[in-house]
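Notes for the one structure printed next.
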Amino acid sequence: MDGGTPGQRLDAAQLGAELGQRATLVQFSTAFCQPCRATRRTLADVAAMVDGVAHIEIDAEAHLTLVRQLDITKTPTVLVLDGAGQVVRRASGQPRTADVVAALGRAI
């Protein structure tokens, strides 16, 4: 997972769901995105394995203001937030489980 634009803070109101106590995996997807489905499974599996981690999937087409604000240019894009909602990692494309776990290590 690459660095992207760390430092931005997001909250439950912006994301439409509660953040994880320790970290949050935010996935931007679109309806016809094949890699988004695999990414959904990977992130859900990791969130289930690690206590206090939430997975939030956002339909990019339905949240264009947020997409523009965060400069999301392709799907899937994954943001890793720390417990305070600050972006600590960002990556585009389908992530590997090991990369997600490593990125969480920086957030927790």
Side-chain angles (χ1 to χ4, degrees):
M1 299 187 82
D2 59 29
T5 53
Q8 186 156 9
R9 190 174 305 272
L10 300 172
D11 60 30
Q14 290 170 294
L15 299 176
E18 288 301 314
L19 301 179
Q21 184 178 1
R22 298 174 67 202
T24 306
L25 302 169
V26 180
Q27 173 185 349
F28 286 86
S29 299
T30 50
F32 298 106
C33 166
Q34 278 299 118
C36 293
R37 293 183 188 132
T39 299
R40 177 185 312 121
R41 285 190 300 275
T42 298
L43 298 182
D45 288 349
V46 171
M49 288 188 305
V50 183
D51 287 338
V53 174
H55 170 227
I56 299 171
E57 186 171 5
I58 295 176
D59 178 351
E61 295 166 327
H63 295 86
L64 289 177
T65 300
L66 185 60
V67 164
R68 289 183 185 116
Q69 175 188 345
L70 297 171
D71 194 29
I72 305 295
T73 58
K74 67 183 224 175
T75 58
T77 292
V78 177
L79 306 179
V80 179
L81 312 182
D82 65 13
Q86 187 156 335
V87 178
V88 295
R89 300 291 283 170
R90 174 187 177 124
S92 296
Q94 184 178 332
R96 295 178 314 139
T97 300
D99 294 333
V100 176
V101 171
L104 272 178
R106 294 190 64 184
I108 295 178

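As the structure is a prediction and not an experimental result, all values here were calculated from the model.
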In Å and rounded to the nearest 0.5 Å, what is the CZ to CG distance from Arg89 to Asp99?
9.0 Å
Correct closest heavy-atom pair for Gly93 and Thr39 would be O-OG1, 4.4 Å
Go through the steps for Leu81 and Gln86 under the test side-chain contact (heavy atoms from CB on, under 4.5 Å), then give the verdict.
CA-CA 5 Å; Leu81 312 182; Gln86 187 156 335; over 6 Å; no
Test side-chain contact (heavy atoms from CB on, under 4.5 Å) applied to Arg90 and Val26, Val80, Ile72, the passing residue:
Ile72
Going through the checks in order, is the side-chain contact (heavy atoms from CB on, under 4.5 Å) test met by Phe28 and Val78?
CA-CA 6 Å; Phe28 286 86; Val78 177; over 6 Å; no
How long is the straight-line distance from CG of Leu10 back to CG of Leu79, given to the nearest 0.5 Å?
6.5 Å
All N/O donor-acceptor pairs, side-chain side in residues 14-21, below 3.5 Å, sequence neighbours left out:
from, atom 1, to, atom 2, distance (Å)
Gln14, OE1, Asp11, N, 2.9

Heavy-atom nearest pair, Ala60 first then Thr75, reads CB-CG2, 4.2 Å
Whether over 12 other heavy atoms sit under 6.0 Å from Arg106 CZ
no
Under a 4.5 Å cut-off applied to non-hydrogen side-chain atoms, are Gln69 and Gln8 in contact?
yes
Only distances under 3.5 Å count here; give the side-chain donor-acceptor pairs of residues 45-59 to other protein atoms, sequence neighbours excluded, each with its distance to 0.1 Å.
from, atom 1, to, atom 2, distance (Å)
His55, NE2, Gln27, OE1, 3.0
Glu57, OE1, Arg40, NE, 2.6
Glu57, OE2, Ser29, OG, 2.8
Glu57, OE2, Arg40, NE, 3.4
Glu57, OE2, Arg40, NH2, 3.1
Asp59, OD1, Glu61, N, 3.0

Roughly how far, to the nearest 0.5 Å, is the OG1 atom of Thr24 from the CG atom of Leu43?
11.5 Å
Within the 4.5 Å heavy-atom criterion, are Pro76 and Ser92 side-chain neighbours or not?
no
Nearest 0.5 angstrom please: Thr97 OG1 to Arg41 CZ, how far?
10.5 Å
